[in-house]
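Nothing fancy with the numbering, it's 1 onward along the sequence.
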Amino acid sequence: MAELQEVQITEEKPLLPGQTPEAAKEAELAARILLDQGQTHSVETPYGSVTFTVYGTPKPKRPAIFTYHDVGLNYKSCFQPLFQFGDMQEIIQNFVRVHVDAPGMEEGAPVFPLGYQYPSLDQLADMIPCILQYLNFSTIIGVGVGAGAYILSRYALNHPDTVEGLVLINIDPNAKGWMDWAAHKLTGLTSSIPEMILGHLFSQEELSGNSELIQKYRNIITHAPNLENIELYWNSYNNRRDLNFERGGEITLKCPVMLVVGDQAPHEDAVVECNSKLDPTQTSFLKMADSGGQPQLTQPGKLTEAFKYFLQGMGYMASSCMTRLSRSRTASLTSAASIDGNRSRSRTLSQSSESGTLSSGPPGHTMEVSC
């Protein structure tokens with residue numbers, strides 16, 4: 001106790017009249033807890049109600065970070081490990097966050113009645129303007145995984161002026177072909193919905209290894225009280241239309257884009273193909289080693305570092321302290337050249353093997369290894 005009494009606490013913020021330091025600390029702690037818990041809202045849209053959770057307060061002249069999760073997950077199970085990662089705190093202190101739950105995917109959501117027509121992915125994208133209007137937000141930086149990456153891409157095609165940047169993990173912009181449909185139907189005869197969704201989220205190597213992470217997410221999906229709702233979202237994903245990206249064409253993403261996929265992910269080929277169809281001066285491609293199907297869960301540190309560079313490339317967080325990406329066995333981020341304005345840099349990153357680091361370059365450059 002004697003040691004504790006010798007510690008002096010300097011009050012950095014002025015106190016309100018009559019407010020004691022103890023009361024000020026309690027108020028600050030209560031406010032921090034409130035922000036950490038987020039505030040959940042629901043809005044009505046032409047395609048039904050949608051629920052979203054807001055963390056932090058809007059920053060002047062800064063977009064909101066806007067996330068959309070994949071099938072079988074909600075915003076917490078999809079993004080919590082990433083946004084609770086230590087190095088991510090510098091980012092979330094600088095941006096307000098909006099985490100959307102697809103209809104019926106939020107915690108405690110009731111099961112939709114039999115015969116309910118679940119929105120298509122295009123309709124889910126059309127719900128986003130209602131959210132932004134409710135919050136009075138003008139622009140976003142989208143972070144989406146799988147189905148969520150598709151939804152944010154569709155929204156960006158329809159509303160390019162409101163999207164400053166996109167981080168798209170495991171995006172498959174193509175509609176299912178006949179061969180895909182046949183394979184899907186055959187799989188459905190022998191596999192349950194949870195197993196098919198797990199095969200969408202994780203690689204076969206991960207599923208065979210049955211790690212603690214796989215056991216956790218298998219349990220989440222298999223025992224989900226809203227499994228019927230999850231199946232409807234899954235069906236909408238499998239009925240998606242082709243985004244029809246065309247390099248040099250009219251249908252393309254006009255904002256900076258970072259494509260992310262694990263080196264063993266089920267969607268690796270689709271993401272590589274997507275990269276080939278987007279503007280190379282606006283697009284960076286990050287292939288993450290040892291991350292499997294869900295890099296935001298298994299490699300939040302590397303993804304956080306790449307996200308910081310992405311934000312710096314857009315002109316935000318210029319003074320951010322970078323922690324250095326550790327190299328992995330086989331990872332690469334391709335695409336180069338430069339563009340004008342405060343979104344001035346195209347990014348080319350590569351990560352390769354077990355020793356050494358990649359450091360940030362001088363101002364105005366990113367980790368540029370090859371062009």
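- Enclosure of atom CD in Gln89 by more than 12 non-hydrogen atoms of other residues, nucleotides or ligands within 6.0 angstrom is indicated.
- Within 6.0 Å of NZ in Lys216 there are 12 or fewer heavy atoms belonging to other residues, nucleotides or ligands.
- Ring planes of Phe112 and Tyr116: parallel class, angle under 30° (limits at 30 and 60°).
- Residues Asp126 and Ile128 are not in side-chain contact: their nearest non-hydrogen atoms beyond the backbone lie 4.5 Å or more apart.
- Looking at heavy atoms from C-beta onward, Glu273 lies in side-chain contact with Asn174 at the 4.5 angstrom threshold.
- Of the options Lys61, Arg62, Glu164, a side chain to side chain donor-acceptor pair (under 3.5 Å) to Thr139 is made by Glu164 and by none of the others.
- Scanning all heavy atoms of the two residues, the minimum distance from Gln294 to Leu201 falls at NE2-O, 3.0 Å.
- Between atom CZ of residue Phe307 and atom CZ of residue Phe83 there is a gap of 6.0 Å, rounded to the nearest 0.5 Å.
- The closest donor-acceptor contact from the side chain of Thr252 to the backbone of Gly249 lies at 3.5 Å or more, if one exists at all.
- Heavy-atom neighbours of Gln215 CD from other residues, nucleotides or ligands within 6.0 Å: above the threshold of 12.
- More than 12 heavy atoms of other residues, nucleotides or ligands lie within 6.0 Å of CD in Glu205, so this atom counts as buried by the packing criterion.
- Of the possible donor and acceptor atoms, one in the side chain of Glu206 sits under 3.5 Å from a partner among the backbone N and O of Ser203.
- Separating the CE atom in Met127 from the OG1 atom in Thr45 is a distance of 3.5 Å, to the nearest 0.5 Å.
- Between the side chains of Ser236 and Asn239, no donor N or O sits under 3.5 Å from an acceptor N or O.
- Between His41 and Tyr134, the distance from one ring center to the other falls under 6.0 angstrom.
- In this structure, the side chains of Val260 and Val167 come closer than 4.5 Å at one or more pairs of heavy atoms.
- Contact detail for Pro300 and Pro81: the closest heavy-atom pair is CB-O, 3.9 Å.
- Val257 places none of its side-chain heavy atoms less than 4.5 Å from the side chain of Ser284.
- Contact of the Leu124 side chain with the Tyr155 side chain is not registered, since no non-hydrogen atoms from C-beta on lie closer than 4.5 Å.
- In plain terms, the two heavy atoms of Ala147 and Val71 that are nearest each other are CB-CG2, 3.8 Å.
- The main-chain N or O of Gly108 is never found under 3.5 Å from a side-chain atom of Asn226 such that the two would form a donor-acceptor pair.
- Remark: side-chain polar atoms of Arg247 are paired, donor with acceptor, to backbone N or O of Asn275 under 3.5 angstrom.
- The main-chain N or O of Leu121 is never found under 3.5 Å from a side-chain atom of Arg240 such that the two would form a donor-acceptor pair.
- Between His69 and Tyr75, a ring centre-to-centre spacing not shorter than 6.0 Å is recorded.
- No chain of hydrophobic side-chain contacts below 4.5 Å, direct or via other Ile, Leu, Val, Met, Phe, Trp or Tyr residues, connects Met105 to Val111.
- Side-chain N/O atoms of Asp279 and Thr281 include a donor and acceptor closer than 3.5 Å.
- In this structure, the side chains of Thr67 and Arg97 stay at 4.5 Å or more apart for every pair of heavy atoms.
- Taking 4.5 Å as the limit, some side-chain heavy atom of Lys59 sits within range of a side-chain heavy atom of Thr57.
- Note: His200 and Tyr237 meet the aromatic proximity criterion, with ring centroids under 6.0 Å apart.
- Smallest separation of non-hydrogen atoms from Tyr316 and Pro63: OH-CD, 3.2 Å.
- Using a 3.5 Å distance cut-off with no hydrogens or angles, the side chains of Ser42 and Thr51 do pair a donor with an acceptor.
- Enclosure of atom CG in Asn210 by more than 12 non-hydrogen atoms of other residues, nucleotides or ligands within 6.0 angstrom is indicated.
- Here the closest non-hydrogen pair linking Tyr217 and Ser77 is OH-O, 2.6 Å.
- The shortest distance between side-chain heavy atoms of Met317 and Glu90 falls below 4.5 Å.
- With no hydrogens or angles considered, a side-chain donor-acceptor pair links Thr40 and Thr53 at under 3.5 Å.
- Side-chain atoms of Asn229 come within 3.5 Å of backbone N or O of Pro110 as a donor-acceptor pair.
- Of all heavy-atom pairs between Asp290 and Gln299, the closest is O-NE2, 3.1 Å.
- Ring to ring, Phe66 and Phe137 are not that close: their centroids are 6.0 angstrom or more apart.
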